[in-house]
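Predicted model, so just to flag it, every value in this text is computed and none were measured. The chains referred to below are lettered A, B, ... by the order of the sequence lines, with proteins before strands, and numbering in each begins at 1.
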Amino acid sequence: MKDTMPADFDTWLVDLFKRQHQELVRFAARLVGGRDGGEEVVQNAYLRLAHRSRQGGAIEHPKAYAFSVARRAAFDFTAERNREWLHRVDFEDADVGAAGTDPTQLLDRRQRILRLAVVLNELPGACQKAFILNKIEGHPHREIARRLGISVSMVEKHIMRAMIHCRDTMRDDDAL
Amino acid sequence: MPETRQPRYAPRELSDEAIAWIVRLNSGDSGEEERGAFTQWRGQSGAHEQAAREAEALWDDASDLHCNPRSGFIQPGRKRSGPSRRAVLGGLTGLACAGAGAWTFARTRAPLGDHMTGLGETRSIELADGSRATLNAMTAIDVDYAVDHRRVSLLGGQAYFEVGADLSRPFSVRTGHIEVQALGTAFDVDMSLPDRDIAVAVTEHQVRVTSDRASLLLSEGERAVIARDGSLKSREPQAAATTTAWRTGRYIAEERRLDEVLAALSAYHPGWIVANGEAVKALRVNAVLDLRQPAASLEALAVGLPIQVLRASKYLTIITSA
């Protein structure tokens with residue numbers, strides 16, 4: 001497997017830096033909405049990787065792993081940037097009903113929302129657009145199909161894909 | 001402590017199916033029939049329910065996002081204007097929350113109640129006139145005393161009042177839709193019940209309970225339940241020891257519906273307790289439970305009832321039929 005970890009993790013890290021740097025920054029920039037933020041996220045991701053290398057243990061798909069570390073660094077970056085929102089309690093939340101029953105749960109929910117926002121930015125354009133039009137703006141599938149010039153079943157597929165992506169990344173993150 | 005565990009997540013195929021349901025139900029083209037079919041689908045097993053909850057939670061969490069119209073960048077938090085998504089789709093409601101009302105959210109922000117308690121906490125408060133209010137867990141009250149009245153607003157939870165007589169200053173407790181007028185007495189008001197019912201139980205003398213649709217004189221050893229619309233739902237004898245058991249950390253259920261018992265436990269249990277299906281909610285419970293050990297109490301319930309307790313996560317416990 002060309003993707004396995006080399007014996008010397010630090011060498012690999014330097015290697016990765018050279019080979020994947022641009023790709024990682026593009027990925028991170030997409031997640032946090034800007035090139036500058038992307039650079040910062042990737043720097044933080046490297047720090048995490050370096051820390052991980054000191055702890056030892058095998059990493060199975062290092063490239064995928066690097067991207068998931070970047071994703072996690074993007075969560076932290078976004079949390080920092082939305083710190084005020086993360087800890088604010090709105091009266092509007094009182095009618096959400098699902099948000100839980102105490103501040104700890106509310107914070108937990110906010111953190112989930114934050115992660116969702118980040119991972120939704122990973123999605124391809126049409127998929128993201130279909131999801132936003134339906135979930136956030138409340139348009140029926142039929143109308144979205146008309147707007148985007150695709151079939152109703154394609155709209156459904158896009159939204160499914162968005163939800164499955166969210167679920168998978170949320171599960172991944174929960175497992176840590 | 002014995003505990004029934006199941007995998008943290010439902011299998012992927014089930015989860016995919018649940019997501020497909022949620023997507024279809026929110027297509028703007030589905031109606032009662034699909035909704036009913038989904039209810040049936042999720043009722044098939046604990047794993048189905050778990051998958052449905054996960055999908056619903058995802059969908060619900062995504063409500064609090066907004067999208068920059070120019071850059072297309074998605075950010076957390078709601079956009080504050082625009083048409084209500086709910087109005088357009090009339091989609092699924094989120095997770096049903098057993099017990100505790102919405103007031104708890106606002107707790108961290110404003111001085112909402114003059115006195116309040118948190119999860120698993122009870123407190124006894126001496127009021128200005130020497131009357132006493134004992135608050136059950138997750139409860140808040142406001143006190144308004146004036147020369148001609150003593151008024152307490154119960155904002156959430158459950159409280160027991162021991163009232164000193166003062167003819168010139170009647171003592172009353174108000175909740176959302178009822179008023180309880182004390183006639184020199186001790187009584188309990190519980191608004192943590194399912195369906196926003198309110199229960200009033202008297203342990204000494206009498207109280208008058210008034211709502212839009214009912215007015216009744218309730219005597220020592222009686223308990224009345226007033227429905228959300230103000231109508232009298234039930235009236236039955238209840239011993240004082242049963243009424244006030246929570247003050248010593250116990251809950252005495254005599255022919256109590258399971259959902260009512262769960263609502264009482266949830267004020268002591270971190271996270272949601274969700275009963276799956278009307279048949280489960282309506283099970284009758286006869287038990288003495290330890291409120292300070294909510295998880296163990298749930299297990300005790302599972303021994304005597306045809307139910308299964310699934311701890312889906314730190315924040316979610318699902319009760320299904322066994």
* **Nearest heavy-atom neighbours spanning B:Asn26 and A:Asn134** => O-ND2, 3.1 Å
* Asked: Non-hydrogen atoms of chain B under 4.5 Å away: do they reach the side chain of A:Glu143, the backbone, both or neither?
  -> neither
* Asked: Would you call B:Asp64-A:Arg110 a salt bridge at under 4.0 Å N-O?
  -> no
* Asked: How close do A:Gly33 and B:Phe73 get, heavy atom to heavy atom, and via which atoms?
  -> N-CE1, 3.2 Å
* Asked: How long is the span from the CD1 atom in A:Ile164 to the CG atom in B:Asp16, to the nearest 0.5 Å?
  -> 4.0 Å
* Tell me, for A:Ile144 versus chain B, whether the close heavy atoms (under 4.5 Å) come from the side chain, the backbone, both or neither. => neither
* Please check if atom CZ in B:Arg196 has more than 12 non-hydrogen atoms from other residues, nucleotides or ligands closer than 6.0 Å. => no
* Asked: Does CZ in A:Arg161 sit with more than 12 non-hydrogen atoms of other residues, nucleotides or ligands closer than 6.0 Å?
  -> no
* For chain B, the option from A:Met160, A:Glu156, A:Arg167 that forms the most heavy-atom pairs under 4.5 Å -> A:Arg167
* To do: Apply side-chain contact (heavy atoms from CB on, under 4.5 Å) to the pair A:His141 and B:Val23, showing each step before the final yes or no.
  => CA-CA 10 Å; A:His141 290 190; B:Val23 171; 3.8 Å; yes
* To do: Decide yes or no for B:Leu58 and A:Arg112: does some side-chain heavy atom of the first lie under 4.5 Å from some side-chain heavy atom of the second?
  => no
* B:Glu33 atom CD: more than 12 heavy-atom contacts under 6.0 Å -> no
* Tell me, do A:Arg171 and B:Arg8 make a side-chain contact under 4.5 Å, heavy atoms counted? -> no
* **salt_bridge(B:Asp60, A:Arg109) N-O dist < 4.0 Å** => yes
* Are B:Cys67 and A:Ile136 side-chain neighbours, meaning at least one heavy-atom pair lies under 4.5 Å? -> no
* **4.5 Å side-chain heavy-atom contact, B:Gln75 and A:Thr78** => no
* Enter the distance from B:Asp61:CG to A:Gln111:CD here, rounded to the nearest 0.5 Å. => 11.5 Å
* Structure fact -> Bottom line for A:Arg81: the part with an atom under 4.5 Å from chain B's heavy atoms is side chain
* **Contacting region of A:Leu120 [heavy-atom separation from chain B under 4.5 Å]** => both
* To do: Heavy atoms only, distances under 4.5 angstrom: which of A:Leu114, A:Ile132, A:Val155 has the most pairs with chain B? Name it, please.
  => A:Ile132
* Asked: From B:Ser15 OG over to A:Asp168 CG, what is the distance, rounded to the nearest 0.5 angstrom?
  -> 8.0 Å
* For the residue pair B:Trp59 and A:Met163, what are the closest heavy atoms and their distance? -> CE3-SD, 3.7 Å
